[in-house]
Amino acid sequence: MVRKVLFPVAGFGTRMLPVTKVVPKELLPILNRPAIEYVVDEALNSGFDSFIFVISYGKEAIIDYFDVDLGLRSFLAERKKESLLDLIKEVESKVKTLSAVRQKIPEGLGHAVLSAERLVGKEPFAVILGDDLIDAEPPCLKQMKELYLELSAQTENHSLIALEEVSLEEVSKYGIVEGERISDNLIKIKRMVEKPSPEEAPSNLAIVGRYIFHPAIFEYLKRIPKKGGEYQLTDAMQLMIEEGYPFYGYIFQGIRLDTGNPKGYFKAILHYASKDPELREILKSFFL
Ligand code: G1P
């Protein structure tokens, strides 16, 4: 079973400066909930029960958000603010097993994932990148978990990553894969390259922020060289492929919203607002 999910949330959020100087980008609100809660909900609704956060200096508020605040609870109880108390309890009861580890130096996504090695142990686990909100039913990670388990019947030691087709101008923002199509939405990956130029890109299939890894990824993360000051997750995956670990790519069903930059963040707010009947009316009134 895959039950542990890792959230690397240690980054500076430079694309969202200056607000991220003091507020972690994962806590910026999409309507009245922080962005991180959307991906935590996705993991919960996909059957995960063990949550690991890789944080860094100044980002403790992310885990505090899901922890129990007894002071706030008694304040709301004394003042008979029952519905607010229920709201707080609802959030605080989401993550039952909450662990966190600190990435002390910002040395890239690969290094962040490696920081959690001891908490994950030797079992397959999922990784969600909090920038990529995916609105899907069933949730994207659930679609992937089911597929991962189906693949276990035919193969072993495999990993599965989410893919999305992007335009050629955008390939340099992503890890890009080359592979062989097994079905409409499943690819057996042969090669992957981190942030290629459009000329170098082997396809327009981009890795987006959902992964289910074989635990051998940790050994490979220790073997790859640093590039531009960072250890790239993509380089460790590429080395695993070269050494015979099967990697599959799943073109998920759903809408991805990249909240890591101002335009994408604004779009995510509009997307979720347009799903709420009252907010939809407010949105419409702007354009009349
Ligand atoms: C990371 C990964 C990249 C992936 C992307 C998805 O890049 O390194 O392979 O395509 O996330 O959002 P980042 O956006 O952190 O630069």
Side-chain angles (χ1 to χ4, degrees), residues 5-17 20 24-26 28 35-36 38-39 42 53-56 59 103 106-116 126-136 140-141 144 159-179 187 189 191-198 200-213 217 220-221 224-241 247-252 254-265 267-268:
V5 56
L6 184 69
F7 299 92
V9 290
F12 279 121
T14 48
R15 287 181 300 160
M16 289 297 272
L17 279 169
T20 43
K25 67 175 173 186
E26 295 80 5
L28 293 174
I36 189 74
Y38 288 74
V39 284
E42 178 184 334
F53 293 84
V54 181
I55 61 165
S56 57
K59 300 196 83 174
Q103 183 188 21
E107 289 189 318
L109 180 60
H111 179 255
V113 171
L114 182 56
S115 314
V127 174
I128 296 191
L129 304 187
D131 279 357
D132 286 331
L133 301 193
I134 297 182
D135 187 10
C140 180
L141 201 56
M144 289 177 67
S159 298
L160 178 65
I161 63 182
L163 298 177
E164 187 177 66
E165 283 181 23
V166 297
S167 66
L168 212 52
E169 301 83 73
E170 283 190 313
V171 289
S172 57
K173 291 197 235 158
Y174 299 94
I176 300 291
V177 309
E178 178 184 350
I187 310 256
I189 300 173
R191 183 166 79 93
M192 53 177 81
V193 42
E194 181 68 8
K195 304 196 173 82
S197 65
E200 294 161 340
S203 77
N204 67 339
L205 281 173
I207 303 170
V208 296
R210 304 289 181 279
Y211 310 76
I212 297 181
F213 283 125
I217 187 79
Y220 284 82
L221 285 167
I224 53 168
K226 226 193 245 183
K227 286 185 189 159
E230 300 198 344
Y231 292 99
Q232 294 298 347
L233 191 53
T234 304
D235 290 347
M237 294 193 277
Q238 170 61 24
L239 194 55
M240 284 177 83
I241 294 171
F247 266 78
Y248 292 89
Y250 172 59
I251 304 171
F252 66 91
I255 298 168
R256 182 172 67 95
L257 300 147
D258 178 3
T259 61
N261 65 80
K263 282 184 193 151
Y265 173 67
K267 204 171 148 190

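Hydrogens, waters and symmetry mates are skipped; everything else that's a heavy atom, side chains included, is used. Atoms within each ligand, like the ligands themselves, are counted from 1 in listed order.
The atoms of ligand 1 that sit less than 4.0 Å from any heavy atom of K195 are 7 (O), 8 (O), 13 (P), 16 (O). Every atom of ligand 1 is numbered from 1 in the order shown, and the set under 4.0 Å from a heavy atom of T234 is 9 (O). For ligand 1, the atoms lying closer than 4.0 Å to a non-hydrogen atom of L129 are 11 (O).
Residues passing the side chain to side chain donor-acceptor pair (under 3.5 Å) test with D258, sequence neighbours excluded: N261. Residues satisfying the ring pair (Phe, Tyr, Trp, His ring centres under 6.0 Å) criterion with Y38, sequence neighbours excluded, are Y272.
When each of E230, Q238, M237, Q232 is tested with E194 by the rule side-chain contact (heavy atoms from CB on, under 4.5 Å), just one qualifies, namely Q232.
With hydrogens and angles disregarded, no donor-acceptor distance shorter than 3.5 Å links the side chain of E178 to the backbone of V193.
Two residues are said to be in side-chain contact when any heavy atoms from C-beta on lie closer than 4.5 Å; M192 and F247 meet this criterion. Side-chain contact between V39 and F7 is present, with heavy atoms from C-beta onward closer than 4.5 Å.
Where the criterion is an N or O separation shorter than 3.5 Å, residue side chain and backbone included, E194 meets it with respect to ligand 1. Taking only nitrogen or oxygen atoms, main chain and side chain alike, L109 does not reach within less than 3.5 Å of ligand 1. Between I207 and ligand 1, a contact under 3.5 Å exists for at least one N or O pair.
Residue contact annotation: D131 has no non-hydrogen atom under 4.0 Å from ligand 1. Residue D132 places a heavy atom less than 4.0 Å from ligand 1.
Remark: atom 14 (O) of ligand 1 lies closer than 4.0 Å to no protein heavy atom. Taking a distance limit of 4.0 Å, we find that atom 10 (O) of ligand 1 is approached by some protein heavy atom.
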Worksheet entry | Working for salt bridge (charged side-chain N to carboxylate O under 4.0 Å, His left out), residues R210 and E42 | CA-CA 11 Å; R210 304 289 181 279; E42 178 184 334; 2.8 Å; yes

